[in-house]
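Letters go in sequence order (proteins before strands), and every chain restarts at 1. Because only heavy atoms are used, hydrogens play no part in the values below, and waters and symmetry mates are left out as well, while side chains stay in.
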There are 2 protein chains.
Amino acid sequence: MRVDFHTHIIPEDFPDFTEKFGGERWPTMNRTCACGANIMVAGKVFREVTDQVWSPEKRIQDMDREGVDIQVLSPIPVTFSYWADTEPAMLMSKIQNDFIAETVQKYPDRFIGLGTVPLQDVDAAIREMDRCINELGLKGIEIGSNVNGANLDDPRLIPFFEMCEKWRVPLFIHPWETMGRDRLPRHNFMYTIGMPSETALAAASLVNSGLMEKFPNLQVCFAHGGGSFPYILPRLDKGWEVWPHLRLTTHPPSYYAKNFYFDSLVYDPLNIKYLIDRFGADKIVVGSDYPFLLREIPPGEVIDKTPDLSEKDRKLILGENALRFLNCEK
Amino acid sequence: MRVDFHTHIIPEDFPDFTEKFGGERWPTMNRTCACGANIMVAGKVFREVTDQVWSPEKRIQDMDREGVDIQVLSPIPVTFSYWADTEPAMLMSKIQNDFIAETVQKYPDRFIGLGTVPLQDVDAAIREMDRCINELGLKGIEIGSNVNGANLDDPRLIPFFEMCEKWRVPLFIHPWETMGRDRLPRHNFMYTIGMPSETALAAASLVNSGLMEKFPNLQVCFAHGGGSFPYILPRLDKGWEVWPHLRLTTHPPSYYAKNFYFDSLVYDPLNIKYLIDRFGADKIVVGSDYPFLLREIPPGEVIDKTPDLSEKDRKLILGENALRFLNCEK
């Protein structure tokens, strides 16, 4: 059983929000051919995509070829739209969530769905989370690593995390609008340096603020193996040790980080080994970033290449951890 | 033989540059007691320090107690002053460099010195580097991870790196003025997340720009174990693979990163193991960040705690690598 926890999906078409609501940052789909489109933002090509990103049948072909039993579907971060007013952002969320739910209903054995919520308005976010989980049958929520530049320990977000814990809704935290973008204009460093740094900031914000102490049963999984968070965790612990006046938690950061899950999109068995040594084989799920350029092909290849993994640990990482994390165990 | 490659020093006193040249960002030393001072910047306490930071005799006491044979002395990044005009910045560099050279001359068996240069003016930087190496007997130059927000692949810096290679001057690259500071106002994240991310950006800038390909004999060592650079290197390689139109080098980033050195200030034997597996035991030097709060006591403790190190590798890391890197082999 191989479950790919980190894959993105977007409807083939949806209304032009800029025309309808104003604002320049709404994504639209611009078809370029029978099986291709450009995701457009502010009149520019944000990303070239193929029908893999919207067609469940095309995805299932790829899954069959690459040995993936189940894909966990999540929205593309560019659709988060936290910057917008609640009403249109809620509509954008609903369009994504409805499409993901339909896809899962069509092929319930092959897909599990995660939803998105308008996190700039916590009450609205909780309402849409309720709908995602209790009406649409989605199994968790994907959120961005910050809300308009506010880190995840912003006090306004506390009621959201409280409800996630209460309702047992797993969160998939994905980097977007990364820290330090002004310093990353070249070499696509926004993706290779910005994203791992941003993910570290998101994870550390949940830990250092005391949020994970307050909500110990919150279920959180980070994209891209947690970015640089796992590797800089000893430095975060050292800071906790030497700055007692800044401590907001009873224990050092690594104590709370033990609850986190991480996808396996780290490209190197050495990093997988590091993640296992630090957090245990029961905290890692396969993630490929399908169908985008930085994706791993076939999903889970880095796990297949990791030496000295027991058969038990391999099964945990390839599928069992993801199903347990998403409360989908048979 | 134990060499602590990463220690900072500053003179007990030096002129008030703000009074003399204007500008708010100059550091001054404000004595608070017989063996303590505040480093002041813009009228505020930047850092409380003890006489460990200026007194060679106090340092030697600590070294003897903690088993350190030689400290490599480098300036505190707050004195870099890249933001200032060349003339006063050059004077600030000279004051630091002269003090370090005097300290080394007083105890040549216990200290090795690194200098600082006004990198905002490359011609001036090369002149002061010449003086550091050929007149003062310093063994390398410490530089910041960026120059007023310009990354290290800024074309204006090329002549500096060219001369470093030509004259065989080793560089110690230290994070400062870190990326994403606007997102790091709480939890001292500037030190624990900003610095490792900034160091990754500095290292990746040298590699992805083709600078390390152009100057293959450039000797570079990064503070804090290279920050998050070693761990995100596989993602940088993946970017090189999938974005051929952005490639500026013949080989992927990891090919050039093999030339880098890293200090051992990572606080966890798991990270040391990772560094050794990735770069080899001949690329790691002990660094403690003496005498500041985040320092390791005793220096090299993380190496002592790393299991399964051969006696040969232990000797390399504890001292031989640093002496070879600094062209100080007996």
Side-chain angles (χ1 to χ4, degrees), chain A residues 146 149-151 153 178-189 191-198 200-201 204-205 208-209 224-225 227-243 246 248 253-254 265-268 270-271 273-274 277-278 292-296 302, chain B residues 146 149-151 153 178-189 191-198 200-201 204-205 208-209 224-225 227-243 246 248 253-254 265-268 270-271 273-274 277-278 292-296 302:
Chain A
N146 71 78
N151 293 334
D153 61 346
T178 74
M179 64 178 267
R181 286 198 300 293
D182 56 315
R183 296 279 308 283
L184 308 170
R186 289 190 297 279
H187 315 300
N188 268 5
F189 277 168
Y191 291 92
T192 49
I193 298 174
M195 283 190 160
S197 306
E198 174 72 15
L201 175 54
S205 295
N208 282 49
S209 65
H224 316 129
S228 54
F229 176 74
Y231 195 70
I232 66 173
L233 190 48
R235 192 167 168 90
L236 286 159
D237 275 3
K238 183 72 178 179
W240 185 89
E241 178 196 323
V242 302
W243 300 312
L246 293 180
L248 299 175
S254 57
L265 195 60
V266 291
Y267 307 108
D268 192 315
L270 211 55
N271 290 42
K273 187 79 174 49
Y274 184 92
D277 286 345
R278 182 161 297 292
F292 298 137
L293 259 184
L294 285 168
R295 78 177 181 274
E296 184 183 53
V302 70
Chain B
N146 71 79
N151 292 333
D153 60 347
T178 74
M179 63 178 269
R181 285 199 299 294
D182 56 314
R183 296 280 307 284
L184 308 170
R186 288 190 298 279
H187 315 301
N188 269 4
F189 277 169
Y191 291 93
T192 48
I193 297 174
M195 283 190 160
S197 306
E198 174 72 15
L201 175 54
S205 295
N208 281 49
S209 65
H224 314 130
S228 54
F229 176 74
Y231 196 69
I232 65 174
L233 190 48
R235 192 167 167 90
L236 286 159
D237 275 3
K238 183 72 178 180
W240 184 89
E241 179 196 321
V242 302
W243 301 312
L246 293 180
L248 299 174
S254 57
L265 195 60
V266 292
Y267 307 106
D268 192 316
L270 212 54
N271 290 42
K273 187 79 173 51
Y274 184 91
D277 286 346
R278 182 161 297 293
F292 298 137
L293 260 183
L294 287 168
R295 78 176 180 275
E296 183 183 55
V302 71

Inset, instruction - Against chain B, work out which of A:Leu184, A:Ile193, A:Val266, A:Asp237 has the most heavy-atom pairs shorter than 4.5 Å and name it. - result: A:Ile193
Inset, instruction - Please determine, among A:Asp268, A:Leu270, A:Val242, the option with the most heavy-atom pairs under 4.5 Å with chain B. - result: A:Leu270
Taking side chain as everything from C-beta outward and backbone as N, CA, C, O, which of these in [X] sits under 4.5 Å from a heavy atom of chain B? Side chain, backbone, both or neither.
X: A:Leu233; result: neither
X: A:Phe189; result: side chain
X: A:Leu246; result: side chain
X: A:Arg186; result: side chain
X: A:Glu198; result: side chain
X: A:Thr178; result: backbone

Inset, instruction - Take the angle between the ring planes of A:Tyr274 and B:Tyr274 and call it parallel below 30°, perpendicular above 60°, tilted in between. - result: perpendicular
Legend entry - Residue selection (most heavy-atom pairs with chain A, distance under 4.5 Å) from B:Leu248, B:Asn188, B:Asp153: B:Asn188
Could you grab the distance from atom [atom1] of [X] to atom [atom2] of [Y], nearest 0.5 Å is fine?
X: A:Arg235; Y: B:Ser228; atom1: CZ; atom2: OG; answer: 11.0 Å
X: B:Arg278; Y: A:Asn271; atom1: CZ; atom2: CG; answer: 5.5 Å
X: A:Leu236; Y: B:His187; atom1: CG; atom2: NE2; answer: 10.5 Å
X: A:Asn146; Y: B:Arg183; atom1: CG; atom2: CZ; answer: 4.0 Å

Legend entry - Minimum-distance pair of heavy atoms, taken over all atoms of B:Tyr231 and A:Gly227: CE2-O, 3.5 Å
Legend entry - salt_bridge(A:Lys273, B:Asp277) N-O dist < 4.0 Å: no
Inset, instruction - Might you work through the side chain to side chain contact (heavy atoms under 4.5 Å, CB included) test for A:Ile232 and B:Thr192, ending with a clear yes or no? - result: CA-CA 7 Å; A:Ile232 66 173; B:Thr192 48; over 6 Å; no
Inset, instruction - List for me each residue that meets side-chain hydrogen bond (donor to acceptor under 3.5 Å, both in side chains) alongside A:Arg295, sequence neighbours excluded, and say none if there are none. - result: none
